[in-house]
Amino acid sequence: MTARPALPSLVGQPLIVGAGLAGVMTALSTTRPCVLLCAGRLDEIRPPHAASWLAQGGLAAAVGADDTPALHAADTLAAGAGLCDPEIVTRVTDDGPAVVERLAALGVAWDRNPDGSLQRGLEAAHARRRIVHAGEDATGAAIMSALAARVRRTLRITVIEHAHARDLVLHDGAVAGLQAVIAGTQVTMPATAIVLATGGVGGLFADTTNPAGATGGGLAIAARAGAVLGNMEFVQFHPTALSAGADGQRLCLVSEAVRGEGATLVDETGARFTEELATRDAVSRAVWRHMMEGHTVYLDARKAIGAAFTQHFPAISALCAAHGIDPLTQPIPVRPAAHYHMGGVVVDHAGRTGVPGLWAAGEVACTGLHGANRLASNSLLEAVSFGTWIGQALDGHDRPVRPVASVKANAPAWAPPPVGLRRLMSRYAGVIRSGAELEAGLAQVLAQPESDARLVCTAIMHAALMRKESRGGHFRSDYPHAAPTAHASRLTLAEIARLSAQMDTPVATTPP
C-alpha cells in the first residue's frame with residue numbers, strides 16, 4: 001500500500017474520489033498537484049476496485065474512413081430513446097478520435113492491423129465498425145494498466161489507497177472538505193474542489209458484472225450535500241453475463257463483441273429466439289422472458305467464430321475454461337446482469353454539479369450522453385472526455401481553503417450491502433418491472449437498516465415508480481409503451497424523503 005502522507009501537506013489540493021478511468025484521467029489532465037483516492041490498490045486488477053478494469057468491448061470512436069462523429073452521434077441518440085442531451089452527444093462523439101490519440105500518447109497500445117491501422121469491432125446498435133480495442137477483449141485492463149503506470153510516474157499526483165469517502169464537509173453550501181476512511185482510520189481532509197468518480201450501482205443487484213464496491217456511495221454523498229440525482233430508474237442490464245459461479249458473486253461478462261462477430265443466442269433446443277444486435281435493453285428483455293418461460297439461454301459462437309475464438313477473445317476463453325466451458329465446442333450459458341447506470345449526479349457540460357466545488361465524472365454522473373440507454377462502448381469514451389475536461393477546469397478553480405474540524409478515529413471497514421437487499425433489487429427493480437412489484441419491493445427496502453445503499457435503492461425505486469412508461473433500460477410491464485414525449489427525472493434528498501414518508505417509512509437523511 002502506498003504510504004499515506006501527512007494530511008496537512010495536501011491542504012488546498014483537489015481531491016479525486018475514485019481511481020477508475022474517469023478518476024485517473026481527471027488526475028492526469030490537471031496541471032495542479034492533486035490527491036487521488038483509491039478504494040483498493042491503484043494497479044491491482046483482482047479484485048478490481050473499478051469497473052474500468054473489467055471493460056472487454058472497447059471504446060467507441062469514429063476513426064474509420066467510412067465513419068464520422070455525426071454518425072456516431074446519431075447512433076447514440078437513437079439508443080438513448082429521447083433522453084440524450086444532443087449538445088453533449090455532439091461534443092463527446094466529436095472528441096472520440098482525439099480520445100483515441102490522447103490515450104495512445106499516455107501509453108495505451110491499441111490493437112492494430114498489419115498496415116498499422118486501428119482494428120475496429122462492431123457492437124450492437126452501431127451502424128459502423130468503430131469499437132477500438134487494446135489487448136483484444138481486455139481493453140479496460142490494458143487502458144488502466146497504462147494509465148496507472150503514468151499516474152505512478154507523475155509526482156504531482158498523490159495516491160492514497162484503501163480509502164473510502166464517507167461524506168462531504170460544506171461551508172456556506174460550498175465544498176470545504178471530505179470525510180473519509182483511510183486504512184481503517186476516519187479522517188477529515190480540507191478541500192475546495194472534489195471530484196466524485198465513484199462508479200455505478202450494479203453492486204446493489206444480486207446478478208451484476210460490477211465490482212463489489214459499485215454500490216452508489218458517491219450518489220448518496222452527493223445527494224446529502226444538496227446535489228440533484230437524475231434518471232435514477234435507468235439501469236442497463238447486460239444480456240450476456242456468464243451464467244456460472246456461486247450465488248451472489250460478481251458475474252463475468254461475455255462481451256457484446258462476441259455477438260458482433262456473429263455468435264447467436266439460442267436455448268437448450270438450439271433455437272434462436274431474438275435479434276442479437278438489437279439494443280441491450282431489447283436483448284436483455286428477450287433473454288429474461290425466455291428464461292421466465294423455463295428455457296436455458298446460451299451464446300453459441302461455434303459456427304460463426306469457431307477456432308478463432310481463443311485468439312480474438314483470450315480473456316473470455318480463460319473465464320469459460322475456469323468454469324469448465326469450451327466455447328469452441330460448447331455454447332456458453334448466459335443470463336442478464338446489472339451492468340451500467342445511466343442515471344447519476346446531474347452535471348453540466350463541464351461536469352459541475354449544483355454544489356459549488358463539486359464535480360462528478362464517469363458512471364456516477366448523469367451527463368446527458370447516455371439518455372435512457374447507453375450505446376455500447378460509449379462509457380470509456382465519456383470517462384476520458386469528461387475526466388479530461390474536469391481536470392482542465394480544476395486548473396482555474398481557486399477558492400480560499402476553509403478550516404474544517406479535524407477528525408481522526410477508528411472506523412469500521414467498508415462492507416458490501418447484504419445479499420438480501422441485492423436480491424430485493426433484482427426481484428423488484430430488475431429487467432422487467434411493474435408498479436405493484438416496485439411498491440412491494442420499496443416497502444421492504446425501506447425496512448432495511450439505514451445505509452448509503454438503502455438510500456440509493458430507494459431513489460432508484462421511487463424514480464421507477466414515477467416513470468409510468470417503458471423507455472430504454474426502464475421497462476414497466478403495466479406501462480409497456482413509451483409516452484408520447486420524453487422527460488428527464490430529477491430527485492433531491494428532500495424529495496426522496498417526502499416520497500418515502502408517504503409510505504409511512506422515512507428514509508435516512510444523515511450518513512450511516
Side-chain angles (χ1 to χ4, degrees), residues 55-62 67 71-86 88-89 92-93 121-131 200 202 207-209 231 233-241 253-265 272-291 297 299 334-343 363 366-382 430-433 464 467 469-477 479-483 486 488:
Q56 293 175 347
L59 184 148
D67 201 3
L71 287 174
H72 187 183
D75 290 345
T76 300
L77 290 167
L83 285 183
C84 298
D85 181 327
I88 293 296
V89 171
V92 174
T93 54
L122 178 67
E123 292 186 353
H126 287 272
R128 297 288 188 274
R129 284 185 170 270
R130 65 166 67 101
I131 315 303
D207 290 339
T208 181
T209 64
N231 294 342
E233 65 271 37
F234 292 109
V235 179
Q236 185 176 83
F237 294 85
H238 199 289
T240 55
L253 185 67
V254 181
S255 171
E256 204 152 39
V258 178
R259 283 177 282 136
E261 295 304 319
T264 57
L265 285 164
R272 288 181 67 187
F273 59 89
T274 189
E275 168 53 52
E276 287 81 8
L277 292 182
T279 56
R280 282 182 175 173
D281 62 298
V283 180
S284 290
R285 286 194 297 275
V287 172
W288 182 257
R289 288 191 178 109
H290 214 56
M291 290 173 58
V297 174
L299 186 62
V334 293
R335 69 178 187 261
H339 183 60
Y340 193 88
H341 191 210
M342 279 75 72
E363 195 171 349
C366 182
T367 66
L369 175 65
H370 306 306
N373 191 33
R374 175 177 67 91
L375 182 66
S377 290
N378 268 357
S379 53
L380 297 185
L381 172 63
E382 179 193 47
V431 177
I432 297 177
R433 305 161 173 175
R467 185 170 292 280
E469 65 163 348
S470 291
R471 184 181 298 273
H474 168 75
F475 187 86
R476 290 272 301 260
S477 59
Y479 292 95
H481 303 293

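Between the side chains of Asn378 and His72, at least one donor N or O lies within less than 3.5 Å of an accepting N or O.
In this structure Thr209 satisfies the side chain to side chain contact (heavy atoms under 4.5 Å, CB included) test together with Ala241, Leu253, Ala337, His339, sequence neighbours excluded. Under the salt bridge (charged side-chain N to carboxylate O under 4.0 Å, His left out) criterion, Arg130 pairs with Asp67, Asp75, not counting sequence neighbours. Thr208 is linked by a side-chain hydrogen bond (donor to acceptor under 3.5 Å, both in side chains) to nothing, counting only residues two or more places apart in sequence or in another chain. Every residue was checked against the salt bridge (charged side-chain N to carboxylate O under 4.0 Å, His left out) condition with Arg289, not counting sequence neighbours, and none meets it. Take Ala78 and apply the side chain to side chain contact (heavy atoms under 4.5 Å, CB included) test, not counting sequence neighbours, and it matches no residue. Partners of His341 under the ring-ring contact (aromatic ring centres under 6.0 Å, His included) rule, at least two apart in sequence or in another chain, do not exist in this structure. Here Asp281 pairs with Thr279, Arg285, Asn373 under the side chain to side chain contact (heavy atoms under 4.5 Å, CB included) rule; sequence neighbours left out. Evaluation of the side chain to side chain contact (heavy atoms under 4.5 Å, CB included) rule for Thr264 yields Val266, Arg272, Glu276, Asp300 as partners, not counting sequence neighbours. Residues forming a side-chain hydrogen bond (donor to acceptor under 3.5 Å, both in side chains) with Glu123 (at least two apart in sequence, or on another chain): Ser377. By the salt bridge (charged side-chain N to carboxylate O under 4.0 Å, His left out) test, Glu233 is found to be paired with Arg467, residues two or more places apart in sequence or in another chain being considered. Checked against ring-ring contact (aromatic ring centres under 6.0 Å, His included), Phe237 has the following partners two or more places apart in sequence or in another chain: Phe205. Applying the salt bridge (charged side-chain N to carboxylate O under 4.0 Å, His left out) rule to Glu275 yields no partners; only residues at least two apart in sequence or on another chain are considered.
For the pair Leu375/His126, a side-chain contact is recorded, criterion being any heavy-atom separation below 4.5 Å from C-beta on.
Atom CD of Glu363 is separated from atom CD of Gln236 by 9.0 Å, given to the nearest 0.5 angstrom. The OG1 atom of Thr367 sits 4.0 Å away from atom CD of Glu382, with the distance rounded to the nearest 0.5 Å. Taken from SG in Cys366 to CE in Met342, the straight-line distance is 10.0 Å, to the nearest 0.5 Å. Of the inter-residue distances, the one linking Ile88 atom CD1 with Leu369 atom CG reads 8.0 Å to the nearest 0.5 angstrom. Glu256 contributes atom CD, which lies 7.5 Å from atom CG of Leu277 (distance to the nearest 0.5 angstrom). Here CG of Leu122 is found 10.5 Å from CZ of Arg128. Values are rounded to the nearest 0.5 Å.
Taking every heavy atom of both residues into account, Ala372 and Leu83 meet most closely at N-CB, 3.8 Å. Here the shortest heavy-atom pairing between Ile432 and Ser477 reads CG2-CB, 4.0 Å. Between Ala55 and Leu380 the shortest heavy-atom distance is CB-CD1, 4.0 Å. Contact between Ala286 and Thr274 at its shortest, heavy atoms only, is CB-OG1, 3.4 Å. Contact between Ala278 and Ala282 at its shortest, heavy atoms only, is CB-CB, 4.2 Å. Among all heavy-atom pairs drawn from Asn231 and Ala488, the shortest one is OD1-CA, 3.5 Å.
A side-chain donor-acceptor contact under 3.5 Å links His238 to the backbone of Thr240. Remark: side-chain polar atoms of Arg259 are not paired, donor with acceptor, to backbone N or O of Ala124 under 3.5 angstrom. No side-chain donor-acceptor contact under 3.5 Å links Arg280 to the backbone of Ala376.
By the 30° and 60° cut-offs, the orientation of the rings of His290 relative to Phe273 is parallel.
Between Phe234 and His370, the distance from one ring center to the other does not fall under 6.0 angstrom.
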